[in-house]
Novice: 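Below are the structure tokens for one structure; questions will follow.
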Amino acid sequence: MKLEDYELVKRYLYEATRYMEYRRMEEAKEDILYLLKEYLGEKEWTEENIQEGINRLGNPYTLAKHYETQGNFLITGRYYKLYMAMLKTSSLGMVLGQVLSMLGDTLILTRVNIKFNLESLLYNLLLTFFVTTFAFTMAERIKTKRILKSILEPWTADSLKNTFHVQKLNLRIIIYIFIYSIAFGKLLTDYYEYHNMWNPDILHLVPSIIFTIFLFRDALRMSHTRRRTLFYTILLAFDTIGLVLIIGLMIYLKGQPGYIGLLVLFLLVLIDISKTLSDYKIIRRGQK
């Protein structure tokens, strides 16, 4: 049995690398395993000896500081990569959604038409940028407080008992974000063609509010690594609020431009709720 296959070692490696950029993870894992083997020396690899070696290594967050990447001030490390992936995916989806809206309307370019589409594109991209940036900045602040709290508190290998390993960002989440960004791009363009996008009326801001809820939900999903029942409860709350707003807007826009985009979003939320409930049940069984 390899040293990295022991459960306690797995948990330590996970805690040490959970916020790192992917390119630094393997380097850090190799270094940590080398140090642990040096500490163990000729000792037999038993749970007790491994725990003693991990106690000598100390807090995993302290070790992780040696692998930090400087230069990204608001969002750092692995979060920066996730942030850029989400920002690029949602922005591209928004642009494609607007193109679909334009193709479904008219190809006759007038001064008013061009002005509206440029304003709409600017609005959609600014909304995507500010919401995504704010969501990951909040996640970064939470991460910093969690690390600082862990470093200041006494740490032993027993602290790893509450560590839960979760999968890395997968293609399914990126595809999901891309699809609903296309739907939102079309919806927002269609909707604001008939409603002033700069109108302060709260009803006119509902599509933007729904998109904001979706981005916050998936920023949480991409950045949060300690997944327990509370995590899935929050995701379900986001989905439920979004679903209620979508249904209300579908009733309001029945037969009007933007209805098809809302129908696609409605189906996507139902799929997401089904997947979240499935993951919730798995986590709950694992915690019993």
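Quantities reported herein were computed from a predicted structural model and do not represent experimental measurements.
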Novice: Mind listing the closest non-hydrogen atom pair of N124 and G185 along with its distance?
Specialist: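 Nearest pair, atom of N124 first, then G185: ND2-O, 4.1 Å.
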Novice: Using salt bridge (charged side-chain N to carboxylate O under 4.0 Å, His left out) as the criterion, list what pairs up with D272, not counting sequence neighbours.
Specialist: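 Scan of D272 (salt bridge (charged side-chain N to carboxylate O under 4.0 Å, His left out), adjacent residues dropped) gives R217, R221.
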Novice: Could you pull out all residues at least two apart from K275 that satisfy salt bridge (charged side-chain N to carboxylate O under 4.0 Å, His left out)?
Specialist: D279
Novice: Tell me if the CE atom of M138 is crowded by more than 12 foreign heavy atoms within 6.0 Å.
Specialist: no
Novice: Over all heavy atoms of both residues, which pair between L36 and I50 is shortest? Give the atoms and the distance, please.
Specialist: CD1-O, 4.4 Å
Novice: Looking at F184 and I210, what are the two nearest heavy atoms and their distance?
Specialist: CZ-CG2, 3.4 Å
Novice: For the pair L33 and V9, evaluate side chain to side chain contact (heavy atoms under 4.5 Å, CB included) and give the outcome as yes or no after the intermediate values.
Specialist: CA-CA 9 Å; L33 288 172; V9 177; 3.9 Å; yes
Novice: So how far is it from L87 CG to Y80 OH, rounded to the nearest 0.5 Å?
Specialist: 9.5 Å
Novice: Kindly write out the residues that satisfy salt bridge (charged side-chain N to carboxylate O under 4.0 Å, His left out) with E27, not counting sequence neighbours, or none if the list is empty.
Specialist: R24
Novice: Report the C-alpha separation of Y176 and D218 in whole Å, then their side-chain angles, then the decisive distance to 0.1 Å, and conclude whether the side chain to side chain contact (heavy atoms under 4.5 Å, CB included) test is met.
Specialist: CA-CA 10 Å; Y176 181 76; D218 290 322; 4.1 Å; yes
Novice: Start with the C-alpha distance between S181 and F211, add both sets of side-chain angles, then the distance that settles side chain to side chain contact (heavy atoms under 4.5 Å, CB included), and finish with yes or no.
Specialist: CA-CA 8 Å; S181 295; F211 185 56; 4.3 Å; yes
Novice: Does any part of the side chain of L118, heavy atoms only, come nearer than 4.5 Å to the side chain of L122, both counted from C-beta?
Specialist: no
Novice: Can you find a heavy atom in the side chain of K29 that is under 4.5 Å from one in the side chain of E26?
Specialist: yes
Novice: Could you please spell out the steps behind the side chain to side chain contact (heavy atoms under 4.5 Å, CB included) verdict for I273 and L235?
Specialist: CA-CA 8 Å; I273 288 175; L235 291 185; over 6 Å; no
Novice: Using 30° and 60° as the class limits, which term best fits the ring planes of F216 and F134: parallel, tilted or perpendicular?
Specialist: perpendicular
Novice: Measure across I174 and T89 and return the closest heavy-atom pair with its distance rounded to 0.1 Å.
Specialist: O-CG2, 3.5 Å
Novice: Under 3.5 Å, is there a donor-acceptor pair between the T133 and Y83 side chains?
Specialist: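 A pair is found: one side chain offers a donor N or O, the other an acceptor, under 3.5 Å apart.
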Novice: I'd like to know if the side chain of Q98 and the backbone of L121 have a donor-acceptor N/O pair within less than 3.5 Å.
Specialist: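 Looks like yes, one N/O pair under 3.5 Å.
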Novice: Please check if any side-chain donor atom of S208 sits under 3.5 Å from a side-chain acceptor atom of Y123, or the reverse.
Specialist: yes
Novice: Specify the closest pair of heavy atoms between A219 and F136, including all atoms of both residues, with the distance to one decimal.
Specialist: CB-CE1, 3.8 Å
Novice: May I ask whether I32 and Y34 are part of the same hydrophobic cluster, defined by side-chain heavy atoms of I, L, V, M, F, W, Y residues being less than 4.5 angstrom apart, directly or through others?
Specialist: no
Novice: Can you tell me which residue among T240, I241, I247 is in a side chain to side chain contact (heavy atoms under 4.5 Å, CB included) with L243?
Specialist: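 With L243 as partner, T240, I241, I247 yield a single side chain to side chain contact (heavy atoms under 4.5 Å, CB included), made by I247.
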Novice: Using the rule that two of Ile, Leu, Val, Met, Phe, Trp, Tyr join whenever any of their side-chain heavy atoms come within less than 4.5 Å, decide whether Y180 and V244 are in one cluster.
Specialist: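 No, Y180 does not connect to V244 through the hydrophobic network.
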Novice: Identify whether I213 and I271 are in the same connected component of the hydrophobic contact network (ILVMFWY, side-chain heavy atoms under 4.5 Å).
Specialist: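 Result: no, two separate clusters.
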Novice: Any heavy-atom pair between the side chains of I246 and M250 that's under 4.5 Å?
Specialist: yes
Novice: Do the side chains of Y39 and E52 get nearer than 4.5 Å, heavy atoms only?
Specialist: no
Novice: Is F214 linked to F129 within one hydrophobic cluster, defined over Ile, Leu, Val, Met, Phe, Trp and Tyr using a side-chain heavy-atom separation of less than 4.5 Å?
Specialist: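 Result: yes, single cluster for both.
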